[in-house]
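Notes to accompany the following structure.
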Amino acid sequence: MKKIQIIAVLSALIMFICGYLFLSSQGGGNTSSTKGGQIPAVVATQDIAPGTTLTSKMLTVKRIAANEGQTNYYTAVDDAVGSVCISDVSSGEVLTTDRVLKGDNATFGLSALLEKGKRAISIEVDTEQGVANNLKVGNYVDVVFTAQIEAGEINGLTASAGMILSKVCGEKEPANAQVIHENLGQYFSAIALQKIKVVALDDTFHSDRNAAVKDQQYSSVTLEVTPAEAAKIALLKDNKGKIQLVLRPQDDESTVNESRESVLERHSK
């Protein structure tokens with residue numbers, strides 16, 4: 001009797017395993033249809049910059065390895081055409097719904113391109129401040145501030161910018177600052193912000209990397225910043241100083257944090 005029960009249990013177990021394997025091989029159920037298989041997905045045929053309205057020439061459909069639970073991709077080119085790209089998309093990259101916004105640029109404006117939690121603030125620039133009209137939407141810059149410290153006295157002597165900064169901020173402070181000389185000159189400069197994204201030039205927030213833009217001139221640059229960074233820039237703009245934008249390499253993630261230096265400092269060999 002016990003042998004019969006054991007045989008029955010084993011038979012049932014074998015039938016269950018066989019049934020499971022059969023259903024898996026047939027692709028039954030939503031999970032098995034994506035797990036380990038391939039799906040059609042819309043991918044970019046070129047690099048696409050933020051603010052670009054998607055066209056059919058920019059997209060194609062390829063079969064990619066399925067990721068279980070991922071549903072935020074497009075499966076047909078027509079579903080994405082006419083949408084606005086809100087972040088950089090590289091050639092060959094799968095286009096997902098969180099990288100685009102439905103509608104046209106005129107409807108959503110620049111606000112549609114800002115990252116969550118960020119703000120846009122504009123700076124008026126001349127040719128020198130604006131890197132000689134070489135900035136493009138999507139570039140990154142550092143913000144340098146130059147100003148004059150009003151002359152003061154320390155121990156009865158006219159104090160230089162270096163002396164005053166040392167007295168107020170500490171020796172070799174603030175970081176990333178420069179003076180003419182510790183004992184000469186009233187001017188100083190400092191890197192106020194680093195790795196700030198350019199999101200518009202004048203009222204243009206498009207950028208087509210595949211189009212050669214010649215003689216593009218602008219008198220204002222709009223930057224994407226945090227609320228705190230926006231407050232800092234507003235304060236710099238309201239002071240009697242000058243803001244200089246410094247273009248960074250596109251993929252440079254580094255930042256600097258160096259002690260204050262003097263332009264005319266003597267360096268030992």
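We number each residue from 1, following the sequence as shown. Quick caveat, the model's predicted, so the values are computed rather than measured.
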**Asked** Can you get from Val100 to Leu59 by hopping between Ile, Leu, Val, Met, Phe, Trp and Tyr side chains that sit under 4.5 Å apart?
**Response** yes
**Request:** Following the transitive rule for hydrophobic clusters with a side-chain heavy-atom cut-off under 4.5 Å over Ile, Leu, Val, Met, Phe, Trp and Tyr, establish whether Tyr140 and Val199 coincide in one cluster.
**Result:** no
**Atom pair NZ (Lys57) and CD (Gln46), whose distance is rounded to the nearest 0.5 Å** = 10.0 Å
**Request:** Decide yes or no for Lys118 and Thr226: does some side-chain heavy atom of the first lie under 4.5 Å from some side-chain heavy atom of the second?
**Result:** yes
**Nearest-0.5 Å distance that lies between atom CG in Leu245 and atom CG in Leu193** = 10.5 Å
**Asked** If you measure from CD on Glu173 to OG on Ser166, what distance do you get to the nearest 0.5 Å?
**Response** 9.0 Å
**Message:** Minimum heavy-atom separation for Tyr187 and Ala161, please, with both atom names.
**Reply:** O-CB, 3.7 Å
**Message:** Please check: side-chain N/O of Thr45 versus main-chain N/O of Met58, any donor-acceptor pairing under 3.5 Å?
**Reply:** yes
**Prompt:** Does the Arg119 side chain pair with the main chain of Pro227, one donor and one acceptor, at a distance under 3.5 Å?
**Reply:** no
**Asked** Would you say Asn176's side chain and Glu258's backbone share a donor-acceptor pair under 3.5 angstrom?
**Response** yes
**Audit row: Val179, Arg260, side-chain contact (heavy atoms from CB on, under 4.5 Å) steps and yes/no** = CA-CA 8 Å; Val179 294; Arg260 189 185 79 235; 4.1 Å; yes
**Fill in**
Separation between CG (Asn239) and CD (Gln148), nearest 0.5 Å, reads 12.5 Å
**Asked** What closest approach, in Å, do Ile164 and Ala159 show between heavy atoms, and which atom pair accounts for it?
**Response** CG1-CB, 3.6 Å
**Request:** Measure across Val137 and Ala200 and return the closest heavy-atom pair with its distance rounded to 0.1 Å.
**Result:** CG2-CA, 4.1 Å
**Message:** Could you measure the distance from the CG atom of Asn72 to the OG1 atom of Thr97? Nearest 0.5 Å is fine.
**Reply:** 4.5 Å
**Asked** Crowded around Glu124 CD? As in, over 12 foreign heavy atoms under 6.0 Å?
**Response** no
**Asked** Under a single-linkage definition using a 4.5 Å side-chain heavy-atom cutoff for Ile, Leu, Val, Met, Phe, Trp and Tyr, are Val143 and Leu201 assigned to the same hydrophobic cluster?
**Response** yes
**Request:** Go through Thr222 and Ser122 one step at a time and tell me if the side-chain hydrogen bond (donor to acceptor under 3.5 Å, both in side chains) criterion holds.
**Result:** CA-CA 4 Å; Thr222 301; Ser122 297; 2.6 Å; yes
**Closest approach of Val77 to Val61 (non-hydrogen atoms, all atoms of both residues)** = CG2-CG2, 3.8 Å
**Request:** Would you check if the side chain of Gln186 reaches a backbone N or O of Ile149 as a donor-acceptor pair within less than 3.5 Å?
**Result:** yes
**Prompt:** Is it the case that one hydrophobic cluster holds both Val144 and Ile233, taking links as side-chain heavy atoms less than 4.5 Å apart, direct or via other members?
**Reply:** no
**Fill in**
In terms of heavy-atom contacts, Asn257 and Ala175 come closest through OD1-CB, 3.3 Å
**Asked** For Asn183 and Met163, what are the C-alpha separation, side-chain angles and deciding distance, and is it a side-chain contact (heavy atoms from CB on, under 4.5 Å)?
**Response** CA-CA 6 Å; Asn183 301 314; Met163 296 170 63; 3.8 Å; yes
**Prompt:** Do Tyr218 side-chain atoms and Gly130 backbone N/O form a donor-acceptor pair below 3.5 Å?
**Reply:** yes
**Item:** Residue pair Asp47 / Ser91: nearest heavy atoms and the distance that separates them
**Value:** OD1-N, 2.9 Å
**Asked** With side chains defined as the heavy atoms from C-beta onward, is the minimum distance between Leu235 and Lys232 less than 4.5 Å?
**Response** no
**Item:** More than 12 heavy atoms from other groups under 6.0 Å of NZ on Lys62
**Value:** no
**Message:** Using side-chain heavy atoms (C-beta onward) and a distance below 4.5 Å, is Val94 in contact with Ile64?
**Reply:** yes
**Asked** With side chains defined as the heavy atoms from C-beta onward, is the minimum distance between Leu247 and Leu135 less than 4.5 Å?
**Response** yes
**Within-4.5 Å side-chain heavy-atom neighbours: Leu223 and Ile196** = yes
**Request:** Indicate yes or no: at least one non-hydrogen side-chain atom of Leu54 is less than 4.5 angstrom from one of Leu95.
**Result:** yes
**Pairwise distance OG(Ser262) to CZ(Phe188) - rounded to 0.5 angstrom** = 13.5 Å
**Message:** Any donor-acceptor pair under 3.5 Å linking the side-chain atoms of Gln178 with those of Glu261?
**Reply:** yes
**Asked** Charged N to carboxylate O below 4.0 Å: is that the case for Lys242 and Glu128?
**Response** yes
**Asked** Does Ser254 offer a backbone N or O that forms a donor-acceptor pair with the side chain of Arg248 under 3.5 Å?
**Response** yes
**Prompt:** So, does Ser160 use its side chain to make a donor-acceptor pair with the main chain of Glu182 at under 3.5 Å?
**Reply:** yes
**Prompt:** Taking side chain as C-beta onward, heavy atoms only, is Ile191 less than 4.5 Å from Val256?
**Reply:** yes
**Item:** Reference residue Val141; test side chain to side chain contact (heavy atoms under 4.5 Å, CB included); the match among Ile123, Val246, Val198
**Value:** Val198
**Prompt:** Does a side-chain N-to-carboxylate-O contact under 4.0 Å join Asp142 and Lys195?
**Reply:** no
**Asked** Do you see a donor-acceptor pair shorter than 3.5 Å between the side chains of Asp202 and Thr204?
**Response** no
